[in-house]
Amino acid sequence: MDISFILDDLNDAQRQAVTLDESHGLILAGAGSGKTRVLVHRIAWLTKVMGYSPYNILAVTFTNKAANEMRGRVENLIGQQAGGLTMGTFHGIAYRILRQHYQDANLPNNFQILDADDQKRVLKRLLKAMELDEAQWPVKQVQAFINGEKEEGRRPHHIEIGHNPYVAKLVEIYKEYEELCQRGGLVDFAELLLRAHELWLKKPHILGHYQARFRHILVDEFQDTNTLQYAWLRVLAGASGKLFVVGDDDQSIYGWRGARVENIRQFDQDFAGTLMVRLEQNYRSTGTILKAANALISHNDSRMGKQLWSAGEEGDPILLYEAFNEFDEARYVTSQIENWVEQGGQRDEVAVLYRSNAQSRMIEQALMQAQIPYRVYGGLRFYDRAEVKDVLAYLRLVVNREDDAAFERVYNHPPRGIGQKTADSIRQVARDQQISLWQASQMLLENSLKARAKTAVQGFIDLIEQLQDALHAQDLEQQFVKTISLSGLQAHFEKDQSEQGQGRLENLDELISAAAQFDNRAKQQTAAGINTEESVMAAEDESVRLDGTTLIDNPEQSTLEEFLAQSALEAGEQQADAWESCVQLMTMHSAKGLEFPLVFMIGMEEGLFPSQQSQEDASRLEEERRLAYVGITRAEKQLIMTFAQRRRLHGSEFFPVMSRFIKEIPPEYIQEVRLSGRVQPTMEREGSAGFTSSARQNETGFQIGERVSHAKFGDGIVLNYEGSGEHARIHVNFTEFGSKWLVLAYARLEKR
DNA sequence: TGGACCAATCTTTTT
DNA sequence: GATTGGTCCA
């Protein structure tokens, strides 16, 4: 058999990884070293050469995007056979397993997924019901605690309380939250994994099935796994399954959300007979960029060790620009992008990377002014939008009346006269009786409710019942159309003539067409069902079935339920103006896995990057350094770093120092930019437009050193001023209150 | 019930 | 400084 199509375009290290024998594999894949290629070719090798059925292979990723890309590339390589592979995110796969064995997992068959936002709302309500002060028990912290414990695999009874009353209370909340979710058939993200893990431990025959089935488990971005995911993989692999994990300890940047670099560092100790392969040849960046990256990351201790190299050109030095302030920084970035385009470059070949989202604003303004189209990554994605979630909540309630999270979201949205008091009494009854809000409403209807409230609540109950009837025997698209109109959401948003209201209506239309599309695909899948059935038969054990390819083809689940699950598990791409070539703006975190010919790293300053909060702790600082490493290695041809002498942040002025990460790059790879016609910093003042550097004009009417007085702060001396018009601000050192920046228009300063 | 006003907050984010 | 969440009032 001709296997050249699998091996021909691989380098030695890649080939070694792809052709590993029956052992565990740990592939240390540097940035741009072809890690996806190795995964894809490994799958081809296993199926075409080693003779494994696609049904014996599981490939796990963190994001849907990665899963989709892998599936596409495997299909290109091995064609139709790829359909039999089980591929997906940790959460997606856990979900399918729970669906398949919902009874054994002690879940109702219509259980719903609670996304992070829903979870927060549920917790908020719970804290209120438990009469806990929100200032003392911030929802965010409680949420982080519960998710953190779940991700460590701990239930409330596992947690060591000791004599800590604070922890004791958190555990109590965790416990109540758990009961609430169980009653409502609600499963949050961490719960998906934890339940699946517990299911395996409790039901050996189910575990045995999956262990027998998944002979080879491939994992992408292994450095990002948390404790639970690691345990999950370990249990699944069992004594005979083979793990093939690909990752890069130097690119571990999610420690703050539970990822453990230790998982990749200690892998070969936990899995005997692991063969390690290093992929160090980089196909992305110039020699200079790689050397700079290598030098930077070598400042971290406890690395597994890796040196990226390239057979390509050395390329241009990294450019370093010291801006006067953030305006100047943005202006410089913009002018460089204009140069790039003038010299024949494309706008979408350019990425501007920053540490925190707040930094995008300046760049956006400058790009807008220069009329350069751009796209900002991050922010709300489609299924996260409020109006979309509203519609989904109605449907969730139709599917599962016990879903309190959905009930809370829509019982009075759009407004239908169920006020605070009525809602409170419903919640009270629900809590006292340990029943759902839905049941509590019905109970209240039977006895104590004033006429007006009664009509309102009855109206809502009738609406949901009516919706259910209306949806019966309709296709998915019609179900959404009906829901949007009957719920009153349509009319509600139509009333809003603003741009925002119009946008919401458009999103609802978009949701309808997403539903139509999903339905079509579902029907196609069913039509091709014979094929699927055959392949399922090929699996070794029919006693427990897992449909590996899709969520479809589960007779107990309606298309609507499938759609609801998918919308929770895949928040959806945020729409981009696809037809226009855009400059890409994003955080360094979201840049991981991407590459661009021209990359800017802006705000390279102590306090910003590395961020203030990471300065003290050595391990967090190392993570920041890895983030810088990720940023640098995104660049293919040219890397430009900038920092500013002064920067306005959170409303006040700072004078930052250049980031240590720049100093950690040997100077021979860096070229400092000096602009010939640059305005002297002391002379430079920003007008209200922000990007003109005219000489200082004093529009304030005050002089530096002048004595002034303020109604609240008393007497002081003018230190400085800036801006003009209504943005003009003045810096005053008050005798009693110290120095403050005041907006001149509001301060009503008086001369003394 | 919605608008207006005030206070608190300000890494990074996928599922 | 800008956003967000909460509270207060017509």
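A note on names: the letters A, B, ... follow the listed sequences, proteins ahead of strands, and every chain is numbered from 1. All values below were derived from every heavy atom in this structure, side-chain atoms included, with hydrogens, water molecules and symmetry-related copies excluded. Since this is a predicted model, take the numbers as computed values, not measurements.
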- request: Whole angstrom is fine here: how far is it from CZ in A:R647 over to C1' in C:dG1?
  value: 15 Å
- line: Taken in chain and number order and not counting sequence neighbours, the residues that satisfy side-chain contact (heavy atoms from CB on, under 4.5 Å) with A:A456 are A:I418
message: Suppose we screen for side-chain contact (heavy atoms from CB on, under 4.5 Å). Which residues come up paired with A:S567, at least two apart in sequence or across chains?
response: A:Y383, A:L392
- request: Classify the nucleic acid contact of A:S611 as base, sugar-phosphate or nothing, counting any heavy atom under 4.0 Å across all strands shown.
  value: base
message: Do A:R234 and A:Y230 pair up side chain to side chain, a donor and an acceptor below 3.5 Å, judged on atom types alone?
response: no
Sugar-phosphate only, base, or nothing, as touched by A:R620 at under 4.0 Å among non-hydrogen atoms: base
query: Which residues satisfy the side chain to side chain donor-acceptor pair (under 3.5 Å) test with A:R504, sequence neighbours excluded?
result: A:E387
query: Would you call the rings of A:Y254 and A:W256 parallel, tilted or perpendicular if under 30° counts as parallel and over 60° as perpendicular?
result: tilted
- prompt: Considering only heavy atoms, which members of residues 185-192 of chain A lie under 4.0 Å from some atom of DNA chain B?
  reply: A:F189
query: Which part of the nucleic acid does A:D115 contact within heavy-atom distance under 4.0 Å: base, sugar-phosphate only, or nothing?
result: nothing
- prompt: Mind checking what makes side chain to side chain donor-acceptor pair (under 3.5 Å) contact with A:R660, not counting sequence neighbours?
  reply: A:E606, A:Q615
Protein N or O to nucleotides 3-10 of chain C N or O, pairs below 3.5 Å:
residue, atom, partner, partner atom, Å
C:dG6, OP1, A:K124, NZ, 2.6

message: A:A628: which residues meet the side-chain contact (heavy atoms from CB on, under 4.5 Å) condition with it, sequence neighbours left out?
response: A:L296, A:F609, A:F661
Side chain to side chain donor-acceptor pair (under 3.5 Å) against A:N147, all qualifying residues, sequence neighbours excluded: A:Q119
- line: Contacts satisfying ring-ring contact (aromatic ring centres under 6.0 Å, His included) that involve residues 610-634 of chain A (not counting sequence neighbours) are none
statement: The side chain to side chain donor-acceptor pair (under 3.5 Å) partners of A:E494 (sequence neighbours excluded) come to A:Q490
- prompt: Between which nucleotides of DNA chain B, read 5' to 3', does contact with chain A run, using atoms under 4.0 Å from its heavy atoms?
  reply: B:dT1 to B:dT15
query: Taking the C1' atom of each, how far is C:dG5 from B:dT12, in whole Å?
result: 22 Å
field: Separation of the C1' atoms in C:dT3 and B:dT14, to the nearest angstrom
entry: 23 Å
message: Suppose you measure atom C1' in B:dT11 against the same atom in C:dG6; what distance do you get, rounded to whole Å?
response: 24 Å
message: Base, sugar-phosphate or nothing for A:N412? Non-hydrogen atoms, less than 4.0 Å.
response: sugar-phosphate
statement: Note: for A:E570 and A:S614 on DNA chain B, the residue whose nearest nucleotide lies more 5' is A:S614
- request: Using side-chain contact (heavy atoms from CB on, under 4.5 Å) as the criterion, list what pairs up with A:H492, not counting sequence neighbours.
  value: A:H413, A:P414, A:P415
- prompt: Contact class for A:G607 (heavy atom, under 4.0 Å): base, sugar-phosphate, or nothing?
  reply: nothing
- prompt: Base, sugar-phosphate alone, or nothing: which one does A:Q119 contact when heavy atoms must sit under 4.0 Å apart?
  reply: nothing
